[in-house]
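One-based numbering, in listed order, for ligands and for the atoms of each.
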Amino acid sequence: MTSNDLSRLCIHTMTNKPWSLDQCLSNYERVGITGISVWRNVIENQDLSAVKRRVSDAGISIVSLVRGGFFTGVDQPSRDKAIEENKLILEEAAEIGAPLVVLVCGATPGVSILDNINHIKDGIEALVETAEKLNVKLGIEPLHPMYADTRSAISSMESANDVAESIGSSMVGVTIDVFHLWWEKKLENQIKRCAENNNLFSYHICDWKTDMEDMLNDRGLMGDGIINVDQISKWVDDTGFKGYQEVEIFSKKYWEMDQGEFLDLIISRYKQLKIK
Ligand code: ZN
C-alpha cells in the first residue's frame with residue numbers, strides 16, 4: 001500500500017470527537033490524510049484566521065464546514081433567526097477557507113412535510129446572495145427518513161435534487177451520505193440526475209449496523225454493516241466526481257476507544273474499499 005491510497009480520504013472532526021482540532025490535524029498529518037471536514041464545535045471561540053493557517057500548515061485541505069441548516073420553525077421570526085445564524089456560519093466558513101457548508105435542513109414537529117420543505121427552500125434561497133459574495137457553497141444533505149420529525153424534512157436524494165433544482169443556483173447543491181441514502185430504490189439514477197445538474201458537491205461514507213442501538217450515535221465504520229459502500233462510490237465516481245470520500249461517524253463506542261487506534265482502524269477499513 002502506498003500513501004496514495006489515502007489521497008481521497010477526508011475525516012470529519014466529529015468522527016474523532018474526543019480530539020481537539022489540533023489533535024485531529026497532527027494525527028491526520030502524521031498518517032498522510034489530506035482532507036478534513038470541520039465541525040463548528042472544534043472552532044468555537046477560536047481565532048478563525050489562525051485556524052485557517054494551522055490547517056494549511058498541516059498540509060490539509062478543509063472540505064467543508066459542518067453544519068448549517070435547521071431552517072424550519074413554527075413562525076417567520078424563528079425562521080428569520082435561522083437565516084441570520086446561517087449567514088454567520090457562511091462567514092465562519094469563508095474565514096477558515098472552507099468552500100462548502102453542509103446543511104442539515106431541519107424539520108419542525110407538527111408542521112407538514114411539504115410546509116417544512118417550503119420553509120427550507122425559502123431559507124436556502126435567502127442565503128444565496130451571501131454564499132455568492134463569500135464564495136462558499138451550500139450542500140443540502142438529505143437525511144434518513146427516521147430523522148424526518150426533527151432533523152430534516154429532506155429525506156431522500158430525490159427530495160434533495162428537487163429542492164436544489166428548484167433553487168437553481170450554482171452555489172446550492174447536494175451532499176450525499178451513504179448512511180442516509182443506501183435504501184433508496186432509484187439511488188443510482190438520482191445520483192446521475194444530481195451530477196447532471198452540477199449539484200453533486202460532496203460525499204460521506206460510513207456504515208449502517210442492523211443492530212444499531214442509538215439512531216444518532218451508533219453509526220458503523222465501513223465494513224461493520226450492510227451498506228455496499230463500493231457500489232455507491234462507483235455510482236458517484238461514474239458521474240465524474242473526483243472529490244473526497246469523507247468518513248463521518250458518530251459512535252459512542254468508537255469515541256470510547258483510544259482515538260489513535262480508532263484512526264488506524266478507519267484507515268485499514270478504508271484501504272479495504274475498492275473504489276477510492
Ligand atoms: Zn453526512
Stepwise ring pair (Phe, Tyr, Trp, His ring centres under 6.0 Å) test for H144 and W182
CA-CA 9 Å; H144 189 279; W182 62 272; 7.1 Å; no
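- Counting heavy atoms from C-beta outward, L9 and Y244 have side chains that stay 4.5 Å or more apart.
- When the N, O or S atoms of H204 are ranked by distance to the Zn ion (ligand 1), ND1 comes first.
- There is no side-chain donor-acceptor pair under 3.5 Å between Q272 and R269.
- At a threshold of 2.8 Å, the Zn ion (ligand 1) has no backbone or side-chain N, O or S atom of H12 nearer than that distance.
- The aromatic rings of W255 and F250 sit tilted relative to each other, their planes meeting at an angle between 30° and 60°.
- Remark: R79 fails to qualify as a cation-pi partner of F71 under the 6.0 Å distance and 45° angle criteria applied to the six-membered ring.
- Distance check for E248 against the Zn ion (ligand 1): an N/O/S atom falls below 2.8 Å.
- Per residue E141, closest N, O or S atom to the Zn ion (ligand 1): atom name OE2.
- Closest to the Zn ion (ligand 1) among the N, O or S atoms of D177 is OD2.
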